[in-house]
Structure formats: structure tokens, C-alpha cells
Q: 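Submitted below is the structure of interest, expressed as C-alpha cells.
Owing to the predicted nature of the structure, the values given are computational and were not obtained by experimental measurement. Each residue takes its place number in the sequence, starting with 1.
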Amino acid sequence: QVQLAESGGGLVQPGGSLRLSCAASGSILSSYAMGWYRQAPGKQRELVASITTTGTTYHTDSVKGRFTISRDNAKNTVSLQMNSLKPEDTAVYYCHAIGGLWGQGTQVTVSS
């Protein structure tokens with residue numbers, strides 16, 4: 001059974017950095033546009049960033065200049081580099097093969 005698995009979440013102080021990674025079991029990621037979503041307590045899940053199969057990226061306004069999505073099709077991974085983290089970035093972050101699978105999520109907490 002093909003699955004997506006996120007890693008790299010954790011607790012970080014404001015201004016710090018984290019790098020999230022999403023790996024697929026099986027060589028499927030190269031066939032999908034991929035997205036990172038997040039859901040904070042009491043809020044709807046929102047798109048944070050996405051990347052097409054050819055590498056065109058989108059970042060939502062609140063993370064532009066701080067977060068960067070990338071993909072490595074040879075390694076079957078998608079990453080989200082998060083810099084200058086703010087408390088409002090605290091959420092569960094999900095990897096999504098757009099139109100297909102979701103990962104189980106990884107918690108990111110930004111707090112002093």
C-alpha cells in the first residue's frame with residue numbers, strides 16, 4: 001500500500017527554522033503535483049505551498065520569503081524549508097499528493 005510519511009516537525013523558538021520532508025513508499029511522487037497544508041487548532045486546513053511536476057511553485061502570502069517548497073523526484077521526496085518561524089505557524093503540517101494521498105501529519109510548534 002502506497003503511503004506518504006512526513007518528518008521533521010518539532011518545537012522551535014520564534015525566528016528558528018525547521019525542514020519538513022515527505023517521502024513516499026513507491027515511486028509515485030514524480031507523477032503528482034505536491035502540496036504542504038497545515039491545520040491549526042480550531043481552524044480549517046489551508047494550503048501553505050505547492051509544486052508542480054515540473055517544479056513551478058506557489059507559496060501562500062503569509063509564508064512568502066520564509067518558506068520554500070522543493071522536490072527531488074529521484075529521491076521521491078518533497079520538502080518544506082521553514083525559516084523565520086512565527087508562533088502563528090504552529091499547526092499540524094500535512095503532505096498531499098494533489099488529487100491523491102495525504103500523509104498523517106507532523107506537528108510544528110513555535111513557542112518560546
Side-chain angles (χ1 to χ4, degrees):
Q1 182 178 359
V2 178
Q3 294 181 326
L4 299 179
E6 302 97 335
S7 60
L11 172 64
V12 63
Q13 291 187 341
S17 297
L18 285 173
R19 185 176 180 85
L20 305 182
S21 292
C22 174
S25 59
S27 301
I28 65 165
L29 289 190
S30 62
S31 300
Y32 286 88
M34 298 295 299
W36 282 98
Y37 292 71
R38 67 186 178 188
Q39 187 166 18
K43 295 188 176 182
Q44 289 188 332
R45 191 173 297 188
E46 63 171 348
L47 175 64
V48 175
S50 64
I51 186 166
T52 68
T53 56
T54 54
T56 300
T57 61
Y58 162 84
H59 298 81
T60 195
D61 285 347
S62 62
V63 308
K64 280 182 181 177
R66 301 189 298 123
F67 292 11
T68 303
I69 190 171
S70 61
R71 68 190 302 158
D72 187 332
N73 289 337
K75 294 183 178 179
N76 218 28
T77 59
V78 176
S79 299
L80 185 68
Q81 178 66 43
M82 304 187 296
N83 299 327
S84 303
L85 282 159
K86 304 175 181 180
E88 51 264 42
D89 295 319
T90 295
V92 178
Y93 283 71
Y94 298 89
C95 175
H96 177 44
I98 295 173
L101 296 173
W102 288 88
Q104 81 288 353
T106 185
Q107 177 70 47
V108 171
T109 302
V110 185
S111 175
S112 55

Q: Test: ring-ring contact (aromatic ring centres under 6.0 Å, His included). Region: residues 90-112. Which pairs qualify, not counting sequence neighbours?
A: Tyr37-His96, Tyr37-Trp102, His96-Trp102
Q: Would you give me the side-chain donor-acceptor pairs under 3.5 Å for residues 11-21, sequence neighbours excluded?
A:
from, atom 1, to, atom 2, distance (Å)
Ser17, OG, Asn83, OD1, 2.9
Arg19, NH1, Gln81, OE1, 3.2

Q: Check step by step if side-chain contact (heavy atoms from CB on, under 4.5 Å) holds for Thr90 and Gln107.
A: CA-CA 8 Å; Thr90 295; Gln107 177 70 47; 4.0 Å; yes
Q: May I have all residue pairs that pass salt bridge (charged side-chain N to carboxylate O under 4.0 Å, His left out) and include part of residues 3-13, sequence neighbours excluded?
A: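 Listed by first then second residue: nothing to list.
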Q: My understanding is that only residues two or more places apart in sequence, or in another chain, count here; which of them pass salt bridge (Lys or Arg N to Asp or Glu O under 4.0 Å) with Lys64?
A: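 In terms of salt bridge (Lys or Arg N to Asp or Glu O under 4.0 Å), with neighbours along the sequence ignored, Lys64 is linked to Asp61.
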Q: Write out all pairs satisfying disulfide (SG to SG under 2.5 Å) with one or both partners inside residues 36-95, taking only residues at least two apart or from two chains.
A: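 Every pair satisfying disulfide (SG to SG under 2.5 Å) with a residue in residues 36-95: Cys22-Cys95.
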Q: Would Val108 and Met82 count as a side-chain contact (heavy atoms from CB on, under 4.5 Å) here? Give the steps.
A: CA-CA 10 Å; Val108 171; Met82 304 187 296; 3.9 Å; yes
Q: Determine, step by step, whether Val78 and Ile69 satisfy the side-chain contact (heavy atoms from CB on, under 4.5 Å) criterion, reporting the C-alpha distance in whole Å, the side-chain angles of both residues, the deciding distance to 0.1 Å, and the verdict.
A: CA-CA 7 Å; Val78 176; Ile69 190 171; 4.1 Å; yes
Q: Show me the pairs that pass disulfide (SG to SG under 2.5 Å) and involve residues 30-77, at least two apart or across chains.
A: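 Every candidate disulfide (SG to SG under 2.5 Å) pair involving residues 30-77 fails, so no pair, neighbours aside, qualifies.
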Q: How many angstroms lie between CG in Asp72 and CG in Leu29, if you round to the nearest 0.5 Å?
A: 10.0 Å
Q: For Asn73, check side chain to side chain donor-acceptor pair (under 3.5 Å) against everything at least two apart and list the hits.
A: Arg71
Q: Got a list of side-chain donor-acceptor pairs under 3.5 Å for residues 39-46, not counting sequence neighbours?
A:
from, atom 1, to, atom 2, distance (Å)
Gln39, OE1, Arg45, NE, 3.4
Gln39, NE2, Lys43, O, 3.2
Glu46, OE2, Arg38, NE, 2.7
Glu46, OE2, Arg38, NH2, 3.3

Q: Which residue pairs pass the ring-ring contact (aromatic ring centres under 6.0 Å, His included) test with at least one member in residues 41-67, sequence neighbours excluded?
A: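 For residues 41-67, and leaving out neighbouring residues, there are no ring-ring contact (aromatic ring centres under 6.0 Å, His included) pairs at all.
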Q: Do you reckon Val92 sits in the same ILVMFWY cluster as Val63, going by side-chain contacts under 4.5 Å, direct or chained?
A: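 They do not share one cluster, since no chain of ILVMFWY contacts under 4.5 Å joins Val92 to Val63.
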Q: Among residues at least two apart in sequence or on other chains, which ones pass side chain to side chain donor-acceptor pair (under 3.5 Å) with Thr56?
A: none
Q: Leu47 and Gly35: which non-hydrogen atoms are nearest, and at how many Å?
A: CD1-CA, 4.5 Å
Q: With sequence neighbours left out, write down each residue that passes side chain to side chain donor-acceptor pair (under 3.5 Å) with Thr52, or none if nothing qualifies.
A: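 Listed in chain order: Thr54.
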Q: Please list, chain by chain and in numerical order, all residues satisfying side chain to side chain donor-acceptor pair (under 3.5 Å) with Ser7, sequence neighbours excluded.
A: none
